[in-house]
Amino acid sequence: MVATDDAAPRHVSESSAREVHKDTTTTQFALHHRRQRIMASTAPASAAAALPSQAPHALVVAHGKPLTDTGPDAAAAALSPEGGNLVAAAFAADTFSASEFVAALLVRLPLPRLRAILNAILSDLKAELIDLINRDYADFINISTNLVGLDKIIQDVSEPLASVRVDVETLRDKVQSVMSDLELKLATRAELRNKKGVLQLLLSIQESLVKLEDLLCISDDGKTGSSDASLVGDAKLIERVAIEYNQFQFVVSKGKDLPFVESVEWRIVRIKDKLTKILSQELQRAFLAVMTSPEDAEASAALAQYLRTYVLIDKVKDAKAVFKVSVVDPFLSKAAVRPRGTDVTAEILTEFFGKVLGFVRGPCSKILEISSRVFRGSQDDLFTDVIFAELGISFSRNLFTAYNPGIPDQFHRNYHVAIGFLEAVVEGELPSLAALNRFRANSAYTEFLKKWNVSVYFQLRSKEIIGSFERVCQQPIHLTWDVKPEAGFILCQSSGLLDHLSQMWDDKVYIHSLLGRFWKLNLQLMQRYSLFWSEWHQYLSDALKKDKERNPGQKPSAETTSPRPDDALLIFTLATLYDLFALKQKLSELFASKIRHRLPPAAAASMSLIEESFHATLLDLTTTHLPDLRHKAVGILVSRSGGTLQKGVSDVVQKSRFARQAPTVASGYVAGIVRPLADALAPFERVLAATGAEGGMAEVAAIKTAAVDEIAARYHAALTKTLQDIEESEKYFRNRRNKQKTSSATATGGGEESQGGNDKIRGQILLDVRQFLAEVSAMLSASAGRRVEAESLSSCRELLRAVSGGNGDDR
């Protein structure tokens, strides 16, 4: 490693730089021809062994860093701070640039040092080149030996090749000349053939012109000859003329750009007008003849012949125009008469559509039958394209007020008359599925339906129904114990829901094309009923809460004319129970009678799910909100018996303790425990029994059972406390007696008197409980219609067991 002399001068002359560049370029040239056989590195063996293997043409520095690029940065990186060693293989790279390489190294190395390094590399390369020549010396020597006589061989071969080349070029020129002549002759023949074809086409056009003019009896001056009458009534001759005219149109289309065709254009127009005139006249006569005599086979055959002629010349549109002018327009001008008033009633439409059906099924039936047979396989149809299209135009011109949805009832009647006419057409006048599809795809059909603005009709109807039901929901509820169901419901909102749903699905309101919208409106009304119920439930619950906060512990007054909040909530709960069960039954009947058959056939597979969604709102009320309302009702019923219960138990203790005789009858307060419950539910039970609402009866029975359970539990708690007080007093006197065995007789007598009073209390309590259970059994039996024992309830069994000393059967 040669150290870099930092103190060496960096500035050199131009001649020195050019010399260094020349040596570097020479080195690169030598390495370019023998790069594959030059050693990868000229570094010492020890240094090379220490380096890892590098890619070809890599520049390796003393620190073992490879250099795969030969740009200025790579040249600078090839040198260590001390100067570094260069590997000769780096000069063999294809992208090596001597000027860039030297310029980059001059920044790091002084010029003398760089020149010394490059000269050393050059010497090594020259030595390797000499070694290479010495190693392949035999090959270099044999080169001159092997080239002896080569010039003569090349000359001997070149002379015959030159002669062959001249011959080939001569032959090519001759063949090219023959081909040019042949192509010229072929082009001439093609031109003659085209001219011949044009001439034959002109002759064909002229012959067809003359022939058609002869058949149509057209003279040279354009006037009709006397024999023109021969075409009248001769369907076969007219068909022959049509066939000839069809062929004539074909040849004319091939020569439409020829001057001759342009010169005879007036004759072609004359023939076309004459043929069209004759055809239209004869077709019109045939239409009228068939309408007059449908059974005339000759007239029917002539009509079929003329229609086939129109099909043959591709003028079916003209045949439809003749049918419109000669048959349809005269009929519609008489049938579609604008009424004197501004409104078109359903009766007027019924009469109009009846005339149309009579016309189609009567005078026109034979024509439609023949035309459908002739037009079979095509998209043409006289009924759809002419009769119905003109019917729509005439309807819009003379009976347009029928489209006005401003009067929903009248619009509904008119619309159903129109739909009935379309259904009659589909059933009677369209014999095949293809004809039906053509009819529905026809623009006249779609335009006719679009003019019936059913969307506006539905908006008016929905606004009317929603507004009416909203007014019903806003009506006040008269909550009284005098329950009188009207129309099968207690609440007017429930009957209003059923009435509006029935009205919506009624035939006088419902439109089948709006099935989805009517179904949505149905669900909206039921949701509004649910909202009404929730609002009143919340209102009554809040009123009851405020009343309890304002009048805590106040007993309800029986003389008040308006119900207290607890009465109102109880009445509302029972009324809701009754109405919900009645609604469920009525709505099921409504779905079965008015909704099920209106659903599309595809809905049959999921009918149960559809019916379930129909009842979803009521089901939500029954399963989600009703339990909470039922719980509040039970609380109200229990609270009414609570005050009587607590006061009655206290009175039993006071009266029985000092009674002279043992109790034999139940206390009077027992009748007041169950009576409020039975009295509150009695009106609703009578209504339910009269209407046979088994579900409602079961719900009322469940409320009774829940209330009795709660009352029995409270009764049990009160009696248990009383009995515990009695036991504590007995224990007190017993302990006192044991401590005062020598006390006076008065004290002893007082303890015995207390002991007897407690027994009387227990006896009275047992009588009261038995009477309570008897009244509960009577109340439950009356509701169920069979004997129901109070002991079937666990709370009642526990109550009886508690007061009878653990023996629930002790009587």
Side-chain angles (χ1 to χ4, degrees), residues 332 335-361 383-384 387-430 436 439-468 500-522 524-525 590 593-601:
L332 289 178
V337 179
R338 182 179 299 180
R340 294 181 179 179
T342 58
D343 295 334
V344 177
T345 63
E347 291 74 16
I348 295 176
L349 293 186
T350 302
E351 181 182 359
F352 170 70
F353 287 126
K355 292 179 180 178
V356 173
L357 286 177
F359 172 73
V360 171
R361 294 173 179 176
F383 173 80
T384 302
I387 295 179
F388 191 79
E390 292 303 314
L391 181 146
I393 295 173
S394 178
F395 193 93
S396 300
R397 184 185 303 118
N398 300 308
L399 305 173
F400 58 91
T401 56
Y403 295 129
N404 182 18
I407 306 176
D409 291 338
Q410 182 172 320
F411 175 84
H412 183 273
R413 290 192 295 269
N414 294 342
Y415 178 78
H416 268 275
V417 171
I419 295 301
F421 166 73
L422 293 180
E423 291 176 351
V425 167
V426 169
E427 291 178 0
E429 310 309 322
L430 302 175
L436 175 61
F439 178 71
R440 290 178 175 174
N442 190 273
S443 59
Y445 175 79
T446 55
E447 288 297 326
F448 181 75
L449 290 182
K450 284 180 181 178
K451 289 181 180 179
W452 294 96
N453 203 338
V454 292
S455 298
V456 176
Y457 166 79
F458 178 78
Q459 292 175 4
L460 296 176
R461 280 296 192 190
S462 60
K463 183 178 180 180
E464 174 189 344
I465 293 173
I466 292 174
S468 175
H500 285 82
L501 292 180
S502 300
Q503 175 191 358
M504 182 181 66
W505 292 105
D506 190 76
D507 291 337
K508 296 180 179 179
V509 175
Y510 173 78
I511 291 179
H512 185 69
S513 60
L514 301 175
L515 172 61
R517 298 188 184 185
F518 275 99
W519 179 262
K520 183 178 180 180
L521 178 60
N522 182 101
Q524 289 175 341
L525 293 180
L590 174 66
S593 61
K594 291 188 175 183
I595 302 178
R596 182 187 297 272
H597 69 278
R598 301 189 190 278
L599 299 177

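Everything numeric here is computed off the predicted structure, so don't read it as measured data. In what follows, every heavy atom counts, from backbone to side chain, and hydrogens, waters and symmetry copies are set aside.
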K.L.:
Can you tell me how far the CD1 atom of I407 sits from the OG1 atom of T345, to the nearest 0.5 Å?
P.N.:
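Going from the CD1 atom of I407 to the OG1 atom of T345 covers 11.0 Å.
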K.L.:
Under the ring pair (Phe, Tyr, Trp, His ring centres under 6.0 Å) test against F388, which residue among F448, F353, F395 passes?
P.N.:
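That would be F448; it is the only one of F448, F353, F395 passing the ring pair (Phe, Tyr, Trp, His ring centres under 6.0 Å) with F388.
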K.L.:
Under a plain distance cut-off of 3.5 Å, with no hydrogens placed, do W452 and N414 share a side-chain donor-acceptor pair?
P.N.:
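Absent: no donor and acceptor within the cut-off.
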K.L.:
Heavy atoms, side chains only, cut-off 4.5 Å: are V425 and L357 in contact?
P.N.:
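Yes; the side chains approach each other to less than 4.5 Å.
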K.L.:
CH2/W505 to CG/L521 distance, rounded to the nearest 0.5 angstrom?
P.N.:
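Atom-to-atom, W505:CH2 and L521:CG are 8.5 Å apart.
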K.L.:
Might you confirm whether atom CZ of R440 has over 12 heavy atoms from other residues, nucleotides or ligands at distances under 6.0 Å?
P.N.:
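No, because the 6.0 Å sphere around CZ of R440 holds 12 heavy atoms or fewer from other groups.
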K.L.:
Quick one, I595 and Y510 - any side-chain contact, counting heavy atoms below 4.5 Å?
P.N.:
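No, side chains not in contact.
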K.L.:
Between CZ of R461 and CD1 of I466, what distance do you get to the nearest 0.5 Å?
P.N.:
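Output value for this atom pair is 13.5 Å.
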K.L.:
Working to the nearest 0.5 angstrom, can you tell me the gap between T446 OG1 and K451 NZ?
P.N.:
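The OG1 atom of T446 sits 10.5 Å away from the NZ atom of K451.
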K.L.:
Could you state the interatomic distance from CG (L525) to CE (M504), rounded to the nearest 0.5 Å?
P.N.:
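L525 atom CG to M504 atom CE measures 5.5 Å (nearest 0.5 Å).
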K.L.:
Calculate, to the nearest 0.5 Å, the distance between atoms CD1 and OG belonging to I419 and S513 respectively.
P.N.:
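Rounded to the nearest 0.5 Å, the CD1-OG separation comes out at 7.0 Å.
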K.L.:
Using side-chain heavy atoms (C-beta onward) and a distance below 4.5 Å, is Q459 in contact with P405?
P.N.:
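Q459 vs P405: side chains apart.
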K.L.:
Do P600 and L515 come within less than 4.5 Å of each other through their side chains, counting heavy atoms only?
P.N.:
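Side chain of P600 against side chain of L515, heavy atoms only: contact under 4.5 Å found.
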K.L.:
Which heavy atom in A444 sits nearest to a heavy atom in A389, and how many Å separate them?
P.N.:
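Nearest pair, atom of A444 first, then A389: CB-CA, 3.8 Å.
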K.L.:
Please name all residues satisfying side chain to side chain donor-acceptor pair (under 3.5 Å) with W519, sequence neighbours left out, ordered by chain then number.
P.N.:
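W519 satisfies side chain to side chain donor-acceptor pair (under 3.5 Å) with no other residue.
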K.L.:
Side chain of Q410, backbone of A402: donor and acceptor closer than 3.5 Å?
P.N.:
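Flag not set: sc Q410 to bb A402 has no pair under 3.5 Å.
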K.L.:
I need the single residue from Q503, H500, K463 that forms a side chain to side chain donor-acceptor pair (under 3.5 Å) with S468. Which is it?
P.N.:
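Answer to the side chain to side chain donor-acceptor pair (under 3.5 Å) test with S468 among Q503, H500, K463: H500.
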K.L.:
For the residue pair I511 and Y415, what are the closest heavy atoms and their distance?
P.N.:
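That closest heavy-atom pairing would be CG2-CE2, 3.4 Å.
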K.L.:
Applying salt bridge (charged side-chain N to carboxylate O under 4.0 Å, His left out), run through D409 and K508 and close with a yes or a no.
P.N.:
CA-CA 7 Å; D409 291 338; K508 296 180 179 179; over 6 Å; no
K.L.:
Determine whether D507 and R598 make a side-chain contact, defined as any pair of heavy atoms from C-beta on separated by less than 4.5 Å.
P.N.:
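Yes - at least one pair of side-chain heavy atoms lies under 4.5 Å apart.
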K.L.:
Closest approach of V360 and I387, non-hydrogen atoms and distance?
P.N.:
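Taking V360 first and I387 second, the nearest heavy atoms are CG2-CG2, 4.2 Å.
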K.L.:
A side-chain contact here means heavy atoms from C-beta on lying under 4.5 Å apart; do I465 and N522 qualify?
P.N.:
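No. Closest side-chain heavy atoms not under 4.5 Å.
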K.L.:
Could you tell me if the side chain of Y457 sits less than 4.5 Å from the side chain of V509, heavy atoms only?
P.N.:
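Yes, their side chains come closer than 4.5 Å.
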K.L.:
Using the test side chain to side chain donor-acceptor pair (under 3.5 Å), find all partners of E423 that sit at least two apart in sequence or belong to another chain.
P.N.:
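Partners of E423 by the side chain to side chain donor-acceptor pair (under 3.5 Å) criterion come out as none, since no residue qualifies.
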K.L.:
What are the two closest heavy atoms between F439 and T384, and how far apart are they?
P.N.:
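Heavy-atom minimum between the residues: CD1-OG1, 3.6 Å.
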K.L.:
Is the ring centre of F352 less than 6.0 Å from the ring centre of F421?
P.N.:
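Not close enough - the centres of the two rings lie 6.0 Å or further apart.
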K.L.:
Quick one: do E351 and K355 make a salt bridge, cutoff under 4.0 Å?
P.N.:
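Here E351 pairs with K355 in a salt bridge, since their nearest N and O are under 4.0 Å apart.
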K.L.:
Any side-chain heavy atom of L332 within less than 4.5 Å of one from F359?
P.N.:
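The answer is no; the side chains never approach within 4.5 Å.
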K.L.:
Any donor-acceptor pair under 3.5 Å linking the side chain of S462 with the backbone of F458?
P.N.:
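Yes, because the side chain of S462 sits within donor-acceptor range (under 3.5 Å) of the backbone of F458.
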